[in-house]
Amino acid sequence: MAEESIQFLKGVGPGRAEIFARVGVRTLDDLLGYYPRDWQDRRPTADLSLPTATGLVVVRGKVVKSGAFPAGASLSLFRAQIATGTETLTALWFKHRSRRFDVFAQLKRDVSPGADLWLVGRGEAGISGISELHVDEYYRLDDPRAPLHVDRLVPIYPLTEGLSQRFVRELVHQALLKAAAGAAEILPRALRDKRQLLSAGQALKGIHFPGSQAELSEARNRLAYEELLLLELAWILKRRQTRSVSKGHRYEIKRTLLSPFRENLGFELTGAQKRVINEVFSDLQKPYPMTRLLQGDVGSGKTVVALAALLLAVENGGQGVLMAPTEILAEQHFQTLSRALKGLPVRAAVLTSRVPARERKSLVAAAAAGELDVVVGTHALLEGDVTFPRLRLAVIDEQHRFGVRQRATLRQKSELLDLLIMTATPIPRTLALALYGELDTSTIDEMPPGKARARTLQAAEAQALDAVRRAAGLGRQAFIVYPVIEEGGPADLQSAKVEHARLSETELRGLRVGLIHGALPGRQKAAVMSQFAQGRLDVLVATQVIEVGIDVPNATVMVIQNADRFGLASLHQLRGRIGRGSAEAECYLVGEARSPQARQRLDIMTATHDGFRIGEEDLKLRGPGEFVGTAQHGELSLRVADLARDAALLAQARQDAEELLAGDARLQAPELRALRGRLVSLYQRQWNWIDLA
Ligand code: ADP
Ligand code: MG
């Protein structure tokens, strides 16, 4: 029944079916799953003398008189005087004139004197309240379908060329009458009772034609829960699958490399670093591949954890890779690694797209021959000809800069790989559960001692540049970050190039001012970066390229120009570039906030350093898209559930998914058959995540 084509509904011919197919709607089920994007409260406007909050006006009245008039060169106007019982207003329709037919023929029939109508439109305020109504939709009171469109909460659908709200609404209603009662129920009774959820049929009716706000929210709740339950089931199954694989290699903690490495570090590990290294080591010693997410705020010292894990792999005869999102960062990691490995028998190399072809060739050959132990690089590591015979461990740094796809590519390179994924964009717990449900997580929740928290100020440029000069006078260094490389973009933004030239000649004259941005050739970027790292530049004028990872402890001032143009996560990352040594650090946010949201972002930055709190605020301000990327969000198949809003629901779904699978590992009980079927069709056939066959 529900698989039946929508062509069996009244009003759908091949043409309309074609249009619906474009938005993925072919069957009755599809149509019922074509949820509204919004709901309008179309109960009659109580007081026509006041503008309404939404601008929407709904009135019921009797046509007193009506008629058509020309209105300008190409438009015609149809005007009707409507008596509502308490007052009279003018209803207006505009249409493009046609020479061939009367564009108002239908209106003339429907809106004739004496007719009783519902009108929905936008009100034009006159001296005494609303006097003119621009009509969007009207319905005759005696139209049996009027109750679908007015005097209630009315669904507003996403439309495409050739569909109208009225048509979709009536069609969905037909489909509901036909199929809602028999809608497939995939949630077992016990679960619905436990969570007090509507039945599938009730939920469908409630999402399309809710009788009240309360009913709408219950319907949403039920549908969101269902999506989240399926997602969590898929994650748990996926994790279980990973764990059933035997990676076939064993790790032993030998300390031949680890002990000298720790001595070379020159600092004591923090308690959190020790704990996290233990978590990683204990994973590595397990028979199945590790998939662990390491979260730690900017500057919390994640690199050391990565290096320790890589050394454990090497101690045990394996090869490891460390993948970073930018060349600059890959090179910096390589230097850190080389320093920490001084004198140790570890063969390491760096591979980015700027390694010259000949060098690359011999490097790739060495990796393939097993002659390299650790290779640090960018996504250049993922290229097809790069192979490692004994690859055991891959570390991905700043994973949010890569997509789920790249993570998957790595996984495909070897199912048996141990994966350590690091991120400094703290992911609120809710999201982590939904996005990385298959990952184990470790968190470094402690900063290394003796690091100064950067004092953060919203300031004028002059004040910020004062601070830059002061720092340089003390032998310290500063970053000045601009939102764009060159001028001429849509907004009137300062650019790194122009300002670099200007500042070098004016306010920062006499200082050594370097310039770095994404459009520079890799070699030049590396040269500038190393000059700055070695203290041969006082100031680095930059774009967001320096956002991730850069570690120059002598840099103590960060100036962010047009700060209102940056997102919270970026601001937090940028600020993390300073305060990496023990000297006092200062972050200047320069520029007017042009929107309340931008103001809020800047205020949050001055109020807190806590990356997790910043992450939560970001989630509230911008929604999960920023964390997930639209593609990844699509990957999650969430249509009703909203990760920012449905945290509690997600936790419930998680718990229920765990309980269901604990009781019935393959969901084979008869009452779970429908659930299992949906899970397979979504996450197995469509996404190929799981294997429940
Ligand atoms: P992130 O977590 O942002 O990647 P890094 O690993 O780059 O942080 O570390 C930030 C800085 O802190 C580096 O200069 C690193 O050498 C230093 N560091 C790391 N751990 C410690 C520690 N336990 N004590 C002192 N300094 C540390
Ligand atoms: Mg880092």
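As the structure lists them, so they are numbered: ligands from 1, and atoms in each ligand from 1.
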Participant: Which bit of Glu268 gets closer than 4.0 Å to ligand 1, counting heavy atoms only: side chain, backbone, both or neither?
Facilitator: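 For Glu268, only backbone atoms sit under 4.0 Å from ligand 1.
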Participant: Between Thr352, Thr326, Thr336, which is the residue that forms a side chain to side chain contact (heavy atoms under 4.5 Å, CB included) with Glu331?
Facilitator: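 That would be Thr352.
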Participant: Does a donor on one side chain sit under 3.5 Å from an acceptor on the other, for Glu499 and Gln561?
Facilitator: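 Glu499 vs Gln561: no donor-acceptor pair found between side chains.
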Participant: With a 6.0 Å cut-off on the ring centroids, do Phe479 and Phe532 count as close?
Facilitator: yes
Participant: Under 3.5 Å, is there a donor-acceptor pair linking the side chains of Gln319 and Asp373?
Facilitator: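 No, Asp373 and Gln319 have no side-chain donor paired with an acceptor closer than 3.5 Å.
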Participant: Looking only at heavy atoms, what is the nearest atom pair of Arg575 and Thr608, with distance?
Facilitator: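 Closest approach of Arg575 to Thr608, heavy atoms only: NH2-O, 2.8 Å.
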Participant: To the closest 0.5 Å, what do you measure between CG (Leu265) and CD (Gln273)?
Facilitator: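 Taking CG in Leu265 and CD in Gln273, the distance rounds to 8.5 Å.
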Participant: Hey, does Val305 sit under 4.0 Å from ligand 1 if you only count heavy atoms?
Facilitator: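 Val305 does not count as a contact of ligand 1 under the 4.0 Å cut-off.
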Participant: Specify side chain, backbone, both or neither for Asp551, according to which of its non-hydrogen atoms lie closer than 4.0 Å to ligand 1.
Facilitator: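 Looking at Asp551 and ligand 1, just side chain atoms fall under 4.0 Å.
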Participant: Evaluate Arg292 against Thr441 for side-chain hydrogen bond (donor to acceptor under 3.5 Å, both in side chains), listing each step before the verdict.
Facilitator: CA-CA 5 Å; Arg292 183 167 287 272; Thr441 55; 5.8 Å; no
Participant: Within a distance under 4.0 Å of any heavy atom of Leu269, pick out the atoms of ligand 1 and give their elements.
Facilitator: 23 (N)
Participant: Answer yes or no: are there more than 12 heavy-atom neighbours, outside Glu371 itself, under 6.0 Å from its atom CD?
Facilitator: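 Enclosed: over 12 neighbouring heavy atoms sit under 6.0 Å from CD of Glu371.
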Participant: Using a heavy-atom cut-off of under 4.0 Å, does the side chain or the backbone of Asp297 touch ligand 1, or both, or neither?
Facilitator: backbone
Participant: Which atoms from ligand 1 have a heavy atom of Val298 less than 4.0 Å away?
Facilitator: 3 (O)
Participant: With heavy atoms of Arg580 as the reference, note each atom of ligand 1 found under 4.0 Å away.
Facilitator: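 In order of number, 3 (O), 5 (P), 7 (O), 8 (O), 9 (O), 10 (C).
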Participant: Does Gly296 have a non-hydrogen atom less than 4.0 Å from ligand 1?
Facilitator: no
Participant: Could an N or O of ligand 1 be found under 3.5 Å from any N or O of Val304, whether backbone or side chain?
Facilitator: no
Participant: For ligand 1, which atoms sit closer than 4.0 Å to a heavy atom of Thr270?
Facilitator: 23 (N)
Participant: Is it true that, when you exclude Gln534 itself, more than 12 heavy atoms of the residues, nucleotides or ligands shown sit nearer than 6.0 Å to its CD?
Facilitator: yes
Participant: Can you list the atoms of ligand 1 that are under 4.0 Å from a heavy atom of Thr303?
Facilitator: 4 (O), 5 (P), 6 (O), 7 (O)
Participant: With heavy-atom distances below 4.0 Å as the criterion, list the atoms of ligand 1 near Ser300.
Facilitator: 2 (O), 8 (O)
Participant: Pull out every atom of ligand 1 sitting under 4.0 Å from any heavy atom of Pro448, numbered as shown with elements.
Facilitator: 20 (N), 21 (C), 22 (C), 24 (N), 25 (C), 26 (N), 27 (C)
